[in-house]
Amino acid sequence: MRISDIDTANPEALAPVLLAAMQRLGQLGRNGALALAAVLDDGDAEFDEAAEWIADLAAGKLKD
């Protein structure tokens, strides 16, 4: 998927891309986190909401 396709991607197309990117950032550890922080706008409400959903997933709180 190209970055330009993200705005129109449905959840089923976007989820595997996000998972792969999150796993890779996890492999990169602190350097991955710092790279993400460098492009993140402070106060990005959409990012904050997504981060809460991901935290729920990581904690096993979100199921079908």
Residues 8-27, side-chain donor-acceptor partners within the protein, below 3.5 Å, at least two apart:
unit_1	atom_1	unit_2	atom_2	d
T8	OG1	D5	O	3.3
N10	OD1	E12	N	3.2
N10	OD1	A13	N	2.8
R24	NH1	Q27	OE1	3.0

To the nearest 0.5 Å, atom CG of L34 lies from atom CG of L28 at 11.0 Å
Which value, rounded to the nearest 0.5 Å, describes the distance between W53 atom CH2 and K61 atom NZ? 12.0 Å
Which residue pairs pass the side chain to side chain donor-acceptor pair (under 3.5 Å) test with at least one member in residues 36-47, sequence neighbours excluded? none
